[in-house]
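Accompanying notes for the structure given below.
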Amino acid sequence: MGTLYKYYKPLTSIRFSPPPSKSFLLHSIRIKTHFSPTKKTRLDRFFSSVTSSSQPSTKTNGGDASAASPSSELWLYNTMSRKKELFKPKVEGKVGMYVCGVTAYDLSHIGHARVYVTFDVLSRYLKHLGYDVCYVRNFTDVDDKIISRANELGEDPISLSRQYCEEFLRDMVYLHCLPPSVEPRVSDHMPQIIDMIQQILDNGFAYRIDGDVYFSVDKLPEYGRLSGRKLKDNRAGERVAVDSRKNNPADFALWKSAKEGEPFWNSPWGPGRPGWHIECSAMSAAYLGHSFDIHGGGMDLVFPHHENEIAQSCAACRDSNVSYWVHNGFVTVDSEKMSKSLGNFFTIRQVIDLYHPLALRLFLLGTHYRSPVNYSDVQLESASERIFYIYQTLHDSEYILGQHSVAFEKDAIPPDTMNDINKFHATFVTSMSDDLHTPVLLSALSDPLKSINDMLHTRKGKKQAKRIESIAALEKMVRNALIVLGLMPPTYSEALQQLKGKALRRAKLTEDQILQRIEERTVARKNKDYKKSDDIRKDLAAVGIALMDSPDGTSWRPAIPLALQEQQVSLT
């Protein structure tokens, strides 16, 4: 099977990918439905009638926000208070959310993927609850790392960063992360950054040295309240440059004077460029104001980045306030944080070359967003097998529903199915409203999927009263959950073919080779050569190809390779 290898240094050359397919791009804007308009209308009318007492609003951004009435509570863990708090927006029906974006100097890794999948789900769920969400996610396109990388390659830093911004956006489309409301870039916001630095100076929280401007942490007694760190614990050199000229080693740069070979902008303090932290304070204020609801990012940003953002923002505006600081946990490799600086990372492109992007998304959502998630082949194989099962079940449902035209009425669903629907809906609301417990929701999908499969394929299930109505209602319910999780493909059939294609790539086989082996096995079984038949099945299972026999013949599907199945068992 294919194996992913760690990157221990940045890519030495830039290889930019072609844009995603049209279907991927369309899906990033809207969700494609699976029923004909007539059937969908009837089914939606039916489903809304049976769940109207408890179903959250699906009102989305762009509607009448003043009339929005969020229909379920949401509890979020606030890093500032170190506890879960009931979410209450500053303005009823509206949410302002800022998430720190990538420093664009290389292809993004799956640690980045976890951040933006997490906040994509939060944005989706807030919209599902009826909020009008303004989601701002920035690009850092002016930074020491970008300049260093550009110098290595002999390229213009801004141009290099622009190319990697585009690559990042392609990764987000692959992962089904919906576009934020605004995606500001540092290079486009120098006036706002310079104005904020001047305000901080005017308020007495910063000082100038030879064209540099530094923030004075001693002037802000509350400094360290987000991270809980004391000034004596600060690590010199961690994006806080060691400089003997500073009043305090922990003071950080708001503006850096121009150096030879670096991009620069004119300012009241001379030519230069902004420090890392000031950009997010300036851009969040530009689009959301000094006081907004949610500020998010990876846990590694708590200190120093977000701590310094709070200091700057409060120094510039006394009324600056963020209600909820939300941070996701790390992706680890061998229990060590995955990051470019440590060199132990897998890029998103490396992973989705072998695994479907939605299998990667499912893997990331399979652990609560605040907990660390350890990357491994067996975990991705398991996620890939699971999502294939989900889409196969829903594809089979779609096929059988396409053969029937049924008028759905409120009493058309048997009590047992209604109990399943109500139970799942309760789990959906409880788990998602409890700090986005996506693993609980993903686990809860097992029961409705099993019920669908029973009604599709078992003798007893096929005899169930009002079977088609039950399948339709359960499929609708599962589909709604997948939409909120961002796991809904453009079509089930397309996703299944893509998943099989990735499995073939990992197995280093073509479909023709598998069909040839199936034919050899069929001949062996006819000749009662059961040893050869079993050997063929085992050989294919070893590389992640499972054979399934039925009265109609033998087919294949992706599976966890045998060696990894044994590893999975040993870990449980």
Item to check | side-chain contact (heavy atoms from CB on, under 4.5 Å) between Lys500 and Phe388, intermediate numbers included | outcome: CA-CA 9 Å; Lys500 293 179 81 170; Phe388 186 90; 3.7 Å; yes

Next on the checklist: Val121 vs Thr438, test: side-chain contact (heavy atoms from CB on, under 4.5 Å). Steps then yes/no.
Outcome noted: CA-CA 9 Å; Val121 170; Thr438 54; 4.3 Å; yes

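With salt bridges taken as basic N to acidic carboxylate O contacts below 4.0 Å, one links Glu381 and Arg506. A salt bridge is absent between Lys538 and Asp534; no separation between the charged side-chain nitrogens and carboxylate oxygens falls under 4.0 Å.
Gln350 contributes atom CD, which lies 12.5 Å from atom OH of Tyr355 (distance to the nearest 0.5 angstrom). Note that NZ of Lys502 is 11.5 Å distant from CG of Leu504, once rounded to the nearest 0.5 Å. Rounding to the nearest 0.5 Å gives a distance of 8.5 Å between CG of Leu547 and CD1 of Ile536. The distance from atom OG1 of Thr491 to atom CG of Leu394, rounded to the nearest 0.5 Å, is 12.0 Å. Taken to the nearest 0.5 Å, the CZ atom of Arg386 stands 12.0 Å off from the OH atom of Tyr391.
For the residue pair Glu385/Tyr389, the side-chain donor-acceptor check at 3.5 Å is not satisfied. A donor-acceptor contact closer than 3.5 angstrom links the side chains of Thr79 and His327. Using modelled atom types and a 3.5 Å distance limit, the side chains of Ser323 and Asp293 yield no donor-acceptor pair.
For the pair Arg370 and Tyr77, the distance from NZ or CZ to the six-membered ring centre is under 6.0 Å and the angle to the ring normal is within 45 degrees. Figure legend: cation-pi geometry between Lys83 and Trp75 absent, as NZ or CZ is not positioned both under 6.0 Å from the six-membered ring centre and within 45° of its axis. For Arg137 and Tyr116, the positive end sits near the middle of the six-membered ring, less than 6.0 Å away and at most 45° from its axis.
Taking the six-membered ring for Trp, Phe87 and Tyr131 have ring centres closer than 6.0 Å. Here His395 and Tyr492 keep their ring centres 6.0 angstrom or further from each other. Two rings, from Phe139 and Phe168, have their centers less than 6.0 Å apart.
Screening His176, Met172, Arg361 for a side-chain contact (heavy atoms from CB on, under 4.5 Å) involving Asp120 leaves a single residue, Arg361.
Taking Asp171 as the reference, Arg349 meet the side chain to side chain donor-acceptor pair (under 3.5 Å) condition, with sequence neighbours excluded.
Across all non-hydrogen atoms, the minimal contact from Arg505 to Asp353 is CD-O, 3.0 Å.
With hydrogens and angles disregarded, no donor-acceptor distance shorter than 3.5 Å links the side chain of Ser382 to the backbone of Val378.
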